[in-house]
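Read through the structure below, which is laid out as structure tokens, and then see the notes.
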Amino acid sequence: MNDEKLYQFNEIEPKWQKFWRDKRLFNVDTRNYKDKYYCLMMFPYPSAALHVGHGRNYIIGDVVARYKMMRGFNVLSPMGFDAFGLPAENAAIKGGMHPKTSTLNNISTMKRQLNQWGVEYDWDREVISCLPDYYKWTQWIFLKLYEKGLAYKKKAFVNWCPSCKTVLANEQVVNGGCERCGTEVTQKDLEQWFFRITHYAERLLKDLNKLSEWPERVKTMQANWIGKSEGVEIDFEIEGMKERLKCFTTRIDTIYGATFIALAPEHVLADKLMEGNKDKGRLLEIIKKMRDESRVSRSQEDVEKEGIFTGRFVINPVNGKKIPIWIANYILMEYGTGAIMAVPAHDTRDFEFAKKYDLPIEVVIDNPDSPLKAGTMKEAYVGEGVMVNSAQFNGMDSKESVVKIAEFFEEKKFGKRCVQYKLRDWLISRQRYWGAPIPIIYCPKCGIVGVPEKDLPVLLPDNVEFRPTGESPLKYAKDFVNTKCPECKGAATREIETMDTFVDSSWYFLRYITPKLNDRPFDTDLVNKWLPVDQYIGGIEHAILHLLYSRFITKFLHDIEVIGFDEPFRNLFTQGMIIKDGAKMSKSKGNVVSPDGLIKDYGADTVRLYTLFIGPPEKDAEWSDRGAEGAYRFLGRVWRLVEKGQAAKFMGQEKTNISKEEEGLRRKTHQTIKKVTEDLDGGFHFNTAISSIMELVNEVYDVIGSSSRGHGSADNSPVLTEAVESIVILLSPFVPHIAEEMWQRMGKQNSIFKCPWPSYEKSFLLEKVIILPVQVNGKLRTRIEIDAGIKEDELKKIVLSDPKVLAWTKDKNIKDFIIVPKKLVNIVI
RNA sequence: GCCGAAGUGGUGGAAUGGCAUACACGAUGGUCUCAAAAACCAUUAAGCGCAAGCUUGUGUGGGUUCGACUCCCACCUUCGGCACCA
């Protein structure tokens with residue numbers, strides 16, 4: 001990098017950053033909600049330093065906010081910090097600072113970085129989730145859920161990360177490992193707090209349809225995660241026992257082919273079924289082994305199917321046949337009823353199991369394309385077909401029989417239709433220090449008591465030793481633990497566990513509207529005016545976690561009537577990652593690109609422009625420092641255009657007639673305004689918007705270049721003025737500092753962001769003479785210059801008399817002559 | 001295995017039925033300079049040709065169409081999500 005700069009970005013950028021802040025350009029009075037536009041970026045965890053990959057999120061958001069501002073919206077763009085969490089605590093354990101200190105330090109570093117990017121927010125609304133004025137209301141939400149029976153405590157096998165020494169929600173287990181550190185997750189039998197998100201499963205699924213402006217893949221991922229299945233719960237009679245056995249199936253059409261029943265090893269009836277069995281002792285031993293093994297390895301693939309016969313049978317209600325009951329390791333207790341009817345002929349897993357243990361296979365749905373024979377089947381036939389061996393349903397289409405047999409079951413009271421979801425309740429307690437305390441008190445007399453609202457917040461004590469013991473460190477903070485029961489005033493103890501940080505982040509977008517309120521979490525009326533969020537921007541990694549939790553909490557707050565909407569984010573944009581050397585940027589890989597050096601060498605506007613130009617923002621993109629230099633060169637080119645032209649020189653006089661060249665430039669200017677506007681309104685097509693501005697800049701240079709060679713006089717031309725002004729305005733959301741500087745140098749008074757976005761004139765877009773491609777049999781052969789308004793028969797005459805066309809068409813029979821108006825012609829011979 | 005996204009020059013990408021490779025990066029040659037940097041100009045998909053030009057070309061194979069990167073069918077590869085969910 002040479003010392004000579006293409007322009008003085010190091011002076012320009014801080015100057016305008018200060019100017020925008022002094023003018024309070026991004027500060028909003030939320031009481032004024034006319035033409036409101038709520039633009040929100042996912043608030044970050046305060047880590048030590050940001051890299052250019054993080055920058056993409058904030059830069060995109062800043063472009064949207066500035067653009068909407070210029071379109072006349074009252075834009076709210078706030079920022080905050082998701083400040084509770086493990087990394088700060090882990091650092092403290094290693095002997096560093098208190099998590100609170102390091103977190104607040106990191107926040108100020110991040111704010112400095114955001115500032116130097118020229119990314120502006122309404123900082124008066126800053127929300128920091130680890131501060132008591134915020135987590136007081138996180139606790140309040142917990143208590144509301146508790147009041148409604150939607151927060152509850154239960155003993156259960158839960159996911160445990162041995163490295164983080166805490167439990168994890170199902171959503172936080174990725175490929176059997178901890179979402180944060182990757183350590184293989186084990187199971188622990190613990191009493192834990194859950195939020196009853198399953199209560200909202202149907203609405204969370206159904207309302208995805210309302211989210212027309214969300215990326216399809218995010219909605220698909222959520223729908224798969226919720227995992228709805230409709231089927232029938234069959235109520236089986238167990239031979240010789242008064243207990244009944246319930247099995248859930250989505251394939252009731254295969255009921256006549258059920259040849260065994262399989263139970264999860266954890267099933268409540270598993271032990272009881274063995275009673276009276278000679279082999280009881282040995283069998284119970286095997287079941288116990290299955291339970292232990294399956295819990296550890298169930299997340300791993302290709303576990304060999306194992307099972308044992310219990311000696312008992314159920315009666316198939318449709319035909320009275322006895323069906324043996326097995327216990328099998330491939331049945332999950334958590335899903336359905338923990339028991340299935342197994343149909344080996346039509347289910348891959350049951351087929352595998354039946355083959356291993358030599359259980360009968362009975363075909364009840366025939367493949368219309370190639371008839372099935374139970375004895376020779378190599379794999380289960382899972383498709384649709386014609387019903388066979390199914391009594392009165394024979395000959396029926398299997399799809400139709402799903403409905404018919406379900407109706408038959410309900411009529412005969414053999415079972416009932418029901419719906420199952422894969423979604424499980426959200427485990428929210430954590431055995432770690434740096435989180436919001438769960439506002440619960442245990443009283444020996446009154447039991448579990450919620451902390452009264454007037455006693456909130458339950459403050460997280462500062463002086464705590466962070467021993468990673470697997471139990472919350474708060475256990476050793478005696479002053480914290482020992483308290484009085486709010487009901488009987490007797491001695492009592494506090495809940496020592498803290499909340500999952502995803503609880504903190506599931507409602508922060510509501511707090512920004514009235515961030516300073518201390519008697520309520522937010523002002524209902526104003527929140528109802530400003531939300532749902534008009535544009536939410538963040539990473540795809542939150543497709544399920546944060547976005548599902550936020551939707552759940554929003555629906556809950558809607559149901560208790562403290563907000564009037566039940567979906568938080570109207571538009572969602574998920575940006576792609578920035579990759580370096582083929583991998584995600586990370587310290588351990590040593591491929592982190594820091595913005596600091598780049599900003600020092602080229603300025604923030606260059607980093608912004610390149611980040612936006614690198615490719616479609618929803619896709620991953622490979623970072624190249626060379627590419628960033630190209631963006632810098634472009635800004636230099638624009639700068640010289642304004643400076644060399646002495647800016648004011650472009651403020652030309654009205655001219656009555658303009659040259660052909662100027663007319664072309666004017667057309668290009670208006671086409672560019674159209675293109676950029678459509679690219680920003682129709683999606684986030686920053687890369688193509690920028691390239692079209694580059695084209696306009698190139699054209700201006702062409703026009704200036706040719707006029708200086710004496711071919712015309714574009715200097716002092718209003719057309720040129722318009723072109724240059726348009727370039728500056730169209731660029732301003734992307735590169736705000738240089739645009740603001742050029743704007744002022746062009747003699748403008750107000751901030752460029754107070755200036756209305758330009759509009760284009762339709763009549764200027766049209767060309768009088770066009771160059772029309774001519775194809776022969778679909779192959780391009782020549783181009784002909786014609787008048788735009790030419791009539792079809794005249795065009796045909798011109799085309800067919802063209803010598804190049806004649807070379808291809810002579811001696812040939814012309815079958816067809818296709819004219820696509822103003823686009824092309826195709827001659828078929 | 002299931003669901004989803006994608007596959008275009010040396011590279012990032014553009015074009016969603018009508019001129020494939022816009023815009024940029026890189027490369028090569030040139031102008032300016034004592035020199036360098038910057039800037040500017042030219043060339044840059046492949047093959048054939050002195051040239052005009054011709055042929056081929058958007059993962060593979062088919063199809064629809066006057067015309068296909070774009071639509072349909074089958075397949076291959078890569079990435080992401082889910083995964084013994086009954």
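So that the names make sense, note that chain A is the first sequence line, chain B the second, and so on, each numbered from 1.
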Complement of B:A51, any strand, by Watson-Crick or G-U distances under 3.5 angstrom: none
A:N826 side chain near B:U65 phosphate (N/O to OP1/OP2, under 4.0 Å): no
Phosphate OP1/OP2 of B:A86 contacted by A:S229 side-chain N/O (<4.0 Å): yes
Interatomic distance, A:I540 CD1 vs B:C79 P [rounded to whole Å]: 18 Å
Any donor-acceptor N/O pair under 3.5 Å between B:C82 base and A:N224 side chain: no
Which nucleotide in B:G18, B:C84, B:A24 has an atom nearest any side-chain atom of A:Y330: B:C84
B:C84 base / A:K305 side chain donor-acceptor hit below 3.5 Å: yes
Nearest listed nucleotide, side chain of A:R633, among B:C25, B:G13, B:G12: B:C25
Touch class at under 4.0 angstrom, heavy-atom based, for A:E216 against every strand present: nothing
B:A20: pairing nucleotide in any strand, Watson-Crick or G-U under 3.5 angstrom: none
Sugar-phosphate only, base, or nothing, as touched by A:S692 at under 4.0 Å among non-hydrogen atoms: nothing
Sugar-phosphate, base or nothing in reach of A:D350, heavy atoms under 4.0 Å: nothing
B:C19 OP1/OP2 closer than 4.0 Å to side-chain N/O of A:R781: no
